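Let me begin by presenting the structure, written as structure tokens, before commenting on it.
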There are 2 protein chains.
Amino acid sequence: MSQAVRHDAMRARNLALVLGEVGARGAVTRAALAEITGLTKTTVSKLVGDLIEGGLVVETGAVRDGERGRPGVEIRISGRSVAALGLEVNVDYLSVCVVDLARTVRLRRTQAVDNRAAPPVDSIARLGNLAANVVDEAVEKGLRVVGGVLAVPGPVDRTTGDVRNAPNLGWRDVPLASLLRHFPFPVRVENEANLAALGELWFGSGLPDFLHVSGEIGIGAGLVVRGRLFRGAHGFAGELGHVVVAPDGPQCRCGGRGCLEQYAGQDALLAAAGGVRGQLGVGQVAQRLREGDEKARDACERAAWALGVALSSAINLVDPGAIVLGGIYAPLFRWIGDVVGDTLRARLGQMRGTVPPVIVSRLGAEAAALGAAGQVIEQVMADPAALLHT
Amino acid sequence: MSQAVRHDAMRARNLALVLGEVGARGAVTRAALAEITGLTKTTVSKLVGDLIEGGLVVETGAVRDGERGRPGVEIRISGRSVAALGLEVNVDYLSVCVVDLARTVRLRRTQAVDNRAAPPVDSIARLGNLAANVVDEAVEKGLRVVGGVLAVPGPVDRTTGDVRNAPNLGWRDVPLASLLRHFPFPVRVENEANLAALGELWFGSGLPDFLHVSGEIGIGAGLVVRGRLFRGAHGFAGELGHVVVAPDGPQCRCGGRGCLEQYAGQDALLAAAGGVRGQLGVGQVAQRLREGDEKARDACERAAWALGVALSSAINLVDPGAIVLGGIYAPLFRWIGDVVGDTLRARLGQMRGTVPPVIVSRLGAEAAALGAAGQVIEQVMADPAALLHT
DNA sequence: CGAATTAGTCTATGTTGTGGACTAAATATT
DNA sequence: AATATTTAGTCCACAACATAGACTAATTCG
């Protein structure tokens with residue numbers, strides 16, 4: 001519910017407005033900020049003063065742009081004080097990163113571990129260590145880590161922050177509170193597919209509207225509309241893997257039949273490409289494709305067709321601005337992108353003038369960890385006043 | 001983009017906050033409002049004073065609740081001053097209504113016309129007349145009509161307000177500006193499925209989260225999340241009719257195959273129920289069903305199964321809080337509701353703890369016109385200051 | 001009937017943004 | 001080279017709005 005607006009809330013909003021404009025434009029003078037925001041020069045000066053004092057922005061010297069008149073002083077987001085921690089547990093690796101307020105990745109560590117084999121407690125402890133080291137390093141660099149978000153591959157209970165069920169990890173009711181309380185700043189938990197989409201938003205293509213598809217063992221999707229994540233009524237939106245491709249298709253572990261996952265999930269794709277389960281990785285499939293392996297090519301085509309079918313349903317329902325393929329689809333994009341696009345055009349082209357473009361994510365496995373850190377940064381950008389007064 | 005907050009914006013927001021609280025609770029005293037909103041009694045008194053002066057709320061006498069202390073004076077939304085016009089063009093009828101700020105329907109007129117047969121200009125003129133009469137009557141009742149929204153069955157260009165293509169009506173590039181400028185208040189155009197969903201939100205079940213399915217010739221859906229309509233990147237979200245049921249199913253007019261519309265659209269349903277096209281209405285099908293007609297029953301079952309399949313994809317993607325069936329599915333609900341529910345449970349039950357309930361819309365053909373008027377009311381509630389200062 | 005209690009108003013005060021005057025620092029003009 | 005013009009940023013008096021607490025009003029309890 002929206003809250004009452006008092007003087008402090010007014011100030012908080014205007015601070016966020018100015019900070020957001022600085023972030024969006026990279027470097028702006030106070031005078032330009034006044035014109036953009038509609039606030040007076042006086043007010044902008046005061047707001048910028050507070051932001052500088054809080055270390056959120058810095059003056060970067062006068063601009064000599066050849067225009068006449070006194071040159072303005074450019075203001076930029078400061079990357080030297082506030083930072084955020086991103087954490088990720090996934091099936092076969094752990095990853096942490098520290099991102100500063102200017103959205104520069106300052107530190108990152110990835111550790112290959114089979115988290116299905118290890119008990120959850122061990123994985124959590126290992127991640128905790130990794131993160132503690134990275135945070136120490138960040139502090140040495142003069143950064144102030146103000147928050148963290150942990151990405152887990154499965155639905156997260158939005159109220160408690162616990163993981164109810166992460167089938168890919170084999171986790172069930174894992175209480176993450178112990179890990180999260182380990183730090184001197186708040187740490188939240190969030191679904192990995194959602195965070196990968198946000199990673200793409202803040203560190204990838206820069207598009208404000210898209211559906212990001214994370215192909216892994218399951219297939220998740222994160223919908224970003226006008227720069228904001230769509231979560232649905234309970235926070236479970238984006239289960240693209242169980243969208244129907246063929247209602248009488250192969251049995252799926254979800255209880256349904258013919259779900260996308262059975263055609264384009266990692267296991268289905270690898271099996272169709274001719275690997276014994278667990279013996280073949282996506283990297284090797286890409287290698288075989290480069291060598292012209294027909295079985296691998298057919299497997300990709302089938303997966304891409306199914307992905308196109310499921311995405312055509314998704315586009316009809318949620319009308320995304322673009323489709324971004326990530327996860328295992330990124331390395332395979334050369335062999336699936338066109339088939340997906342063709343399938344979409346065949347099913348949607350007549351109805352809509354334009355079909356959303358299908359593009360590949362340039363972010364690798366770190367997408368979710370980046371999105372996690374980015375979410376903290378976003379929170380600071382949305383309410384800088386919260387940081388200034390404490 | 002969020003705007004700068006000045007004193008007037010602060011006031012505007014607090015006015016909206018107070019008005020919204022009055023609307024949500026039906027009747028509240030100033031003292032209760034102060035406690036609810038966190039504003040001081042002084043401020044609430046001033047805000048309420050302005051709202052009373054503007055005719056948006058009224059005092060309805062002291063409450064004698066048996067508690068000790070001075071009794072408070074209850075404030076309610078006033079239905080006696082501000083009102084909104086809802087208009088709807090559909091395939092076989094025109095409909096207009098006037099709704100007051102208390103969301104009471106004050107006037108409504110429906111006219112059966114075959115708008116496919118008539119040229120668009122005639123339909124528009126007829127609707128204009130109908131609306132002008134109703135507005136006159138409203139004015140006689142002392143109401144001040146502050147805005148209107150027109151519902152059309154097809155995608156609307158959000159920027160110009162023109163209808164690009166309404167296949168069910170046979171309309172193409174119909175410029176509605178002439179009709180819309182006819183009134184001394186602004187009139188916008190909006191998609192009928194979206195407005196039907198909003199009608200359900202404000203005049204129906206009262207749920208804040210649901211997917212409303214408008215079964216007509218096409219099948220549209222409107223997604224409401226936390227009391228707000230989800231539109232997607234271009235405003236074309238909710239095309240449930242072209243969600244894939246079977247990728248190699250019957251050819252659809254959209255260019256795809258096996259779209260939901262081919263199984264559960266009005267034409268498909270009536271054809272399967274044994275009618276020659278145009279000879280049988282939904283009402284008669286319901287009659288036959290009551291009489292135990294097997295062909296009609298099988299047709300409904302097949303449509304319901306397909307609807308369940310498509311909805312399971314939709315639920316996986318957008319995670320709605322409930323499914324509300326409207327349009328032609330409302331009179332047929334007795335014969336399709338269970339099959340839809342069973343299909344959903346079979347496909348989703350294992351994955352999610354609970355499957356969204358499938359309920360029937362209690363609103364009839366007026367859903368969209370009500371939603372249209374409701375949208376104007378909502379706008380007033382969201383920014384009452386805009387009305388007060390002019 | 002007076003004490004206690006709650007509703008609502010009134011007045012002085014504080015916080016924030018505004019608008020215009022003012023100072024500062026550059027380029028253009030003479 | 002000196003002066004005018006232009007733009008950036010600061011300063012100060014003022015206005016808008018919310019706050020806090022005193023005050024008045026209207027009720028129930030004892």
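Given the structure is predicted, the values throughout are model-derived calculations rather than measurements.
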Need one value for A/V44: base, sugar-phosphate or nothing, where a base atom within 4.0 Å counts as base even if backbone is also close, heavy atoms only. nothing
Under 4.0 Å protein heavy-atom contact, by nucleotide of nucleotides 16-25 of chain D - B base, S sugar-phosphate only: BBBBBB---B
Check for a donor-acceptor pair, side chain of B/S81 on one end and backbone N or O of B/G55 on the other, with a separation under 3.5 Å. yes
Report the relative orientation of the aromatic rings in A/F185 and A/F183; use parallel for angles under 30°, tilted for 30 to 60°, perpendicular for over 60°. parallel
Identify, between B/A32 and A/L15, the residue whose nearest nucleotide on DNA chain C lies closer to the 5' end. B/A32
Any pair counted as salt bridge (charged side-chain N to carboxylate O under 4.0 Å, His left out), so long as it reaches residues 31-42 of chain B, sequence neighbours left out: none
For A/R188 and A/Q379, which I'm curious about, is there any donor-acceptor pair between the side chains at under 3.5 Å? yes
Side chain to side chain contact (heavy atoms under 4.5 Å, CB included) with A/L17: which of A/L47, A/L33, A/T37, A/V44? A/T37
With a 3.5 Å cut-off and no angle check, do the side chains of B/T43 and B/T40 form a donor-acceptor pair? yes
Is a donor on one side and an acceptor on the other found under 3.5 Å between the side chain of A/N194 and the backbone of A/G222? no
Which nucleotide of DNA chain C is the first, and which the last, in the 5' to 3' direction, to come under 4.0 Å of a heavy atom belonging to chain B? C/dA4 to C/dT18
So, do A/R103 and A/E378 sit near enough that their side-chain heavy atoms are less than 4.5 Å apart? yes
